[in-house]
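Both backbone and side-chain heavy atoms feed into the values below; hydrogens, waters and symmetry mates do not.
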Amino acid sequence: MNIIFHEKTKTFHLYNDHISYIMTVLKNGQLGQLYFGKYVHDREDFSHLLELAPRPMSSCIFEGDKTFSMEHIKQEFPVYGTGDYRSPVVEILQNNGSRISDFQYKSYHVQGGKPELPGLPATYVEKEDEAKTLIIELLDEVTGVRVQLLYTIFKEGGILTKSIRYINEGKESVYLSRAMSLCLDLPDCDYHWLQLSGAWSKERHIKERKLEMGIQSVGSIRGNSSHEHNPFIVLKRPSATEHQGEVIGFSLVYSGNFLMQAEVDAHDNTRILAGIHPDTFEWKLGVQEAFQTPEAVMVYSDHGMNAMSQTFHRLYRHRLARGYWRDRVRPILINNWEATYFDFTEDKLVAIAQKAKECGVELFVLDDGWFGARSNDFVGLGDWTANRERLKNGITGLAEKIEQLGMKFGLWFEPEMVNMDSDLYRKHPDWILETPDRPKSHGRNQYVLDFSRNEVVECIYEMMAKILREAKVSYIKWDMNRSITQCYSAVLPADRQGEVFHRYILGMYSLYEKLTSEFPEVLFESCASGGGRFDPGMLYYAPQAWTSDDTDAVERLKIQYGTSLCYPLSSMGAHVSVVPNHQLYRMTPLHTRANVACFGTFGYELDLNQLSEEEIAEVKEQIAFMKEYRELLQFGTFYRLKSPFEGNETVWMVVSEDQKTAIVGWYRILNVVNGCFTRVALKGLNPDYCYRNSLAGTTHFGDELMHIGMVTSDATAGEVQKDEIPCTDYESRIYILKAVE
């Protein structure tokens with residue numbers, strides 16, 4: 001790991017054993033991008049990578065030099081209006097109406113470790129020798145705006161993080177109307193673009209297409225990262241697969257409006273931009289004020305998609321998630337929502353918890369409906385005090401009863417929202433986001449509190465903290481069930497209304513920071529009507545997230561498979577729910593529901609009292625299995641083997657760090673008749689270890705299992721015999737492989 005500046009050629013080279021990132025100071029003082037990819041040897045002069053040629057119709061900034069056009073130069077910090085007609089990183093509106101700027105190189109310094117980003121989540125290090133950070137200073141002489149470009153290269157893995165800090169050292173205010181976090185100019189467009197997109201209950205499906213000339217992008221202007229698109233994209237070479245080939249992943253550590261964009265120009269150069277979405281953003285930068293952009297993370301792999309994902313998993317699991325629960329296995333929980341919805345009493349909840357304890361569940365979670373006058377979606381949000389008609393002993397009394405059973409107690413909040421029919425709204429009707437003289441738009445009969453205001457955040461904090469101080473609450477499910485509309489703050493002046501979306505997210509982060517600091521051993525799980533805010537920014541505060549409201553095992557295969565492109569299994573809330581499933585009314589076997597959910601943070605979303613004795617016995621076996629193997633399932637090395645987006649079967653697996661234990665999940669959607677013999681090539685095993693397959697009762701060397709494959713044929717291969725175990729639709733199996741000593 002090193003960062004070198006060659007003074008003679010004014011070239012920067014950041015590198016470790018995996019990657020090199022090379023840039024240079026151009027002759028006009030701006031920064032040029034030369035290379036990002038697999039590690040190459042350092043040399044003083046990489047100027048041959050800056051290819052210049054005269055091109056017709058180009059705008060050139062040096063008189064008499066037709067080769068130096070910013071339109072055709074790969075850049076680090078492209079700006080608007082100086083001959084480059086591609087999308088810029090920054091756009092600054094000045095008091096004279098101009099949006100032109102010229103940021104020229106001034107200085108640099110290198111420091112060990114990685115600085116924090118004020119008020120924002122970001123990756124971090126625990127020891128200074130884990131990473132190095134390069135800070136490059138640029139200055140626009142006319143406005144006096146100084147820019148710090150922050151680059152951190154980690155010692156391990158093909159990881160580079162980037163963010164930008166703006167400081168106004170001029171004599172008058174300016175307005176940032178665009179402030180992206182990352183620009184990467186690549187010398188060709190021979191890539192496929194992958195994104196994670198969908199909607200409520202079908203989040204993070206993999207979409208792939210070839211890069212073409214023009215602009216393609218994903219983003220959100222909903223106020224949250226959204227169910228529709230995730231702040232994560234991949235560029236992969238057309239020949240790249242899960243396990244071979246060149247891949248670059250881009251991830252934005254942010255939970256609000258975002259844009260991730262690829263622009264291919266007429267000469268096949270590709271520009272990647274990532275950051276806060278400019279369509280809903282304008283930030284007044286007063287004299288001596290600073291603005292910090294969110295962090296963008298780039299991961300390079302020349303061993304395919306799976307290696308890229310594993311790098312993201314390790315980074316986000318250990319150097320983005322923080323605190324007490326970061327490295328601890330997660331408790332097996334039961335959530336009452338799909339068991340009771342709003343129809344519950346204290347006695348009914350205790351009965352559900354008693355049965356769950358009997359089965360081995362460790363945490364009981366009380367979902368929506370416990371507070372204020374809450375009996376339906378129309379009332380009570382914002383009044384975070386116990387409803388004594390339902391909970392005669394309040395949250396403190398219920399929590400004590402759950403603890404007496406030998407379980408931990410968890411509680412649902414939706415702190416960013418309010419119903420009009422609530423004491424909070426009646427007292428503070430101006431605390432919601434709404435535009436003057438315009439109709440208000442509700443979502444789920446609720447409105448969004450103005451978290452850009454400190455007094456609103458502080459009020460919610462005090463209500464939540466009071467409960468956590470008084471009751472034995474070990475887990476918080478933090479929900480957010482609607483996006484932002486009519487985004488306007490009653491307290492900000494007109495020239496700062498473009499800041500509200502971002503200030504809202506900063507307010508939400510600050511509430512998380514206050515609560516996690518005061519209650520460090522409480523496990524927070526983020527939720528946004530399921531997966532509407534499943535992003536790296538949230539993982540910084542809540543090490544796990546509710547992956548989707550869709551608990552159907554078949555749909556979850558696609559959701560969890562797509563999510564795994566960037567996010568570790570330890571971050572994925574995954575539960576066994578009742579059948580018929582409450583989202584699609586599908587009937588799936590109990591063992592398949594568990595076999596999907598165990599590749600995540602495991603739990604149940606039903607009333608176990610409603611199950612048969614045979615089903616309860618099966619649940620007890622599932623919980624015993626999860627307790628034995630959850631450390632491996634949540635923190636092992638994950639491999640995707642067969643995609644649910646490509647066929648009838650899905651296969652994935654996790655391998656222990658010492659390669660002595662592996663667990664393979666195999667799933668088939670529809671049954672087949674007189675089918676083929678099947679096998680699957682495994683990954684990550686030690687080729688010299690002999691593994692016992694607990695399901696088949698056979699032993700095989702690791703090289704056989706990886707190169708020849710593990711046989712998965714069953715009764716569908718041929719004619720089913722009377723004495724064979726019948727197969728059904730939605731079948732699944734778990735294979736445990738252990739090295740024979």
Side-chain angles (χ1 to χ4, degrees), residues 76-80 86-93 99 101 103 117-123 145 147-150 161-168 174-184 195 215 217-226 228-233 250-263 271-285 289-298 433 448 451-452 483-484 487-489 492 495-510 528 532-540:
E76 273 298 306
F77 193 73
V79 297
Y80 167 80
R86 296 166 293 179
S87 299
V89 164
V90 64
E91 193 168 292
I92 300 177
L93 175 61
R99 297 178 184 268
S101 54
F103 285 94
L117 302 186
L120 286 167
T123 57
V145 175
V147 165
Q148 294 178 335
L149 306 180
L150 285 75
T161 71
K162 300 175 72 173
S163 69
I164 301 171
R165 185 171 175 81
Y166 296 89
I167 307 103
N168 185 358
V174 297
Y175 295 85
L176 299 174
S177 56
R178 172 186 285 255
M180 306 301 283
S181 296
L182 170 149
C183 175
L184 179 66
Q195 66 193 56
I215 291 176
S217 67
V218 293
S220 171
I221 53 173
R222 296 170 176 265
N224 55 300
S225 50
S226 83
E228 284 70 21
H229 302 296
N230 198 260
F232 171 77
I233 59 169
F250 302 85
S251 177
L252 188 66
V253 186
Y254 190 59
S255 307
N257 294 346
F258 75 92
L259 176 68
M260 306 192 83
Q261 175 178 297
E263 182 174 2
R271 172 168 292 175
I272 300 295
L273 293 174
I276 297 173
H277 204 301
D279 282 3
T280 54
F281 172 83
E282 185 176 74
W283 193 274
K284 183 179 181 180
L285 196 62
E289 290 182 351
F291 180 82
Q292 173 66 53
T293 71
E295 179 173 83
V297 181
M298 299 193 302
L433 293 172
V448 184
F451 266 37
S452 72
S483 299
I484 292 174
C487 187
Y488 185 97
S489 174
L492 287 176
D495 64 348
R496 287 195 177 272
Q497 290 298 326
E499 303 174 12
V500 178
F501 273 113
H502 184 59
R503 286 185 181 274
Y504 177 93
I505 292 297
L506 295 179
M508 184 268 294
Y509 287 155
S510 71
R533 203 161 61 186
F534 199 119
D535 58 65
M538 299 307 296
L539 289 184
Y540 185 76

task: Classify the side-chain pair Tyr254/His502 by whether it contains a donor and acceptor separated by less than 3.5 Å.
output: yes
- prompt: Quick one: CD1 on Ile272 to CG on Leu182, what's the gap to the nearest 0.5 Å?
  reply: 8.5 Å
query: Checking side chain to side chain contact (heavy atoms under 4.5 Å, CB included) for the pair Phe451/Leu433: CA distance, chi angles, key distance, verdict?
result: CA-CA 9 Å; Phe451 266 37; Leu433 293 172; over 6 Å; no
- request: Would you give the length of the straight line joining atom CD1 of Ile221 to atom OG of Ser226, rounded to the nearest 0.5 angstrom?
  value: 10.5 Å
- request: Please examine the side chains of Arg165 and Phe291, heavy atoms only from C-beta on, and report whether any two atoms are closer than 4.5 Å.
  value: no
field: Candidate list Trp283, Phe281, Phe501, Phe258, test side chain to side chain contact (heavy atoms under 4.5 Å, CB included), partner Ile276, passing option
entry: Phe281
- prompt: Of Ser220, Pro536, Pro231, which meets side chain to side chain contact (heavy atoms under 4.5 Å, CB included) against Ser225?
  reply: Pro231
- request: Would you check, one step at a time, whether the test side chain to side chain donor-acceptor pair (under 3.5 Å) holds for Ser163 with Gln292?
  value: CA-CA 8 Å; Ser163 69; Gln292 173 66 53; 3.1 Å; yes
- prompt: Between atom OH of Tyr540 and atom CG of Leu120, what is the distance when rounded to the nearest 0.5 Å?
  reply: 9.5 Å
field: Criterion side chain to side chain contact (heavy atoms under 4.5 Å, CB included) on Asp535 and Phe232, from CA distance to verdict
entry: CA-CA 9 Å; Asp535 58 65; Phe232 171 77; over 6 Å; no
- request: Would you name the heavy atoms of Ala274 and Met180 that are closest together and state the gap between them?
  value: C-CE, 3.5 Å
query: Does any donor atom in the side chain of Glu282 or Ser177 lie under 3.5 Å from an acceptor atom in the other side chain?
result: no
- prompt: For Pro294 and Leu252, which heavy atoms make the closest approach, and how far apart are they?
  reply: CB-CD1, 4.3 Å
field: Under the side-chain contact (heavy atoms from CB on, under 4.5 Å) test, residues paired with Gln195 that sit two or more places apart
entry: Trp193, Ser197, Lys207, Arg209, Val218, His229
query: Asn230 and Phe534: which non-hydrogen atoms are nearest, and at how many Å?
result: ND2-O, 2.7 Å
query: Looking at residues at least two apart in the chain, or sitting in another chain, which of them share a side-chain contact (heavy atoms from CB on, under 4.5 Å) with Gln497?
result: Tyr488, Ser489, Leu492, Val500
message: Pair Lys162, Leu150 - check side chain to side chain contact (heavy atoms under 4.5 Å, CB included), show working.
response: CA-CA 6 Å; Lys162 300 175 72 173; Leu150 285 75; over 6 Å; no
query: So do the side chains of Leu273 and Leu259 get within less than 4.5 Å of each other, counting heavy atoms only?
result: no
Distance-only polar pair, side chains of Tyr509 and Ser255, donor-acceptor under 3.5 Å: yes
statement: Here the pair of heavy atoms bringing Asn224 nearest to Ser483 is OD1-OG, 2.9 Å
message: Checking side-chain polar atoms at under 3.5 Å, does Ser181 have a donor or acceptor matched by the opposite partner on Glu295?
response: no
- request: Kindly compute the distance separating OH (Tyr166) from CG (Leu176), expressed to the nearest 0.5 Å.
  value: 6.5 Å
task: Could you go through the salt bridge (Lys or Arg N to Asp or Glu O under 4.0 Å) check for Glu263 and Arg86 one step at a time?
output: CA-CA 8 Å; Glu263 182 174 2; Arg86 296 166 293 179; over 6 Å; no
task: Measure up the Phe77 and Phe103 rings against each other and bin them: parallel (under 30°), tilted (30 to 60°), perpendicular (over 60°).
output: perpendicular
- prompt: Roughly how far apart are Leu93 CG and Ser101 OG, rounded to 0.5 Å?
  reply: 11.5 Å
task: Kindly give the heavy-atom pair with the smallest separation between Ser87 and Arg271, and that separation in Å.
output: O-NH1, 2.9 Å
Closest approach of Leu117 to Thr293 (non-hydrogen atoms, all atoms of both residues): CD1-O, 4.1 Å
query: If you measure from CG on Asn257 to NE2 on His277, what distance do you get to the nearest 0.5 Å?
result: 7.5 Å
- request: Can you sort out the partners of Arg178 under salt bridge (Lys or Arg N to Asp or Glu O under 4.0 Å), two or more places apart, ordered by chain and number?
  value: none
message: Pair Arg496, Glu289 - check salt bridge (Lys or Arg N to Asp or Glu O under 4.0 Å), show working.
response: CA-CA 14 Å; Arg496 287 195 177 272; Glu289 290 182 351; 3.6 Å; yes
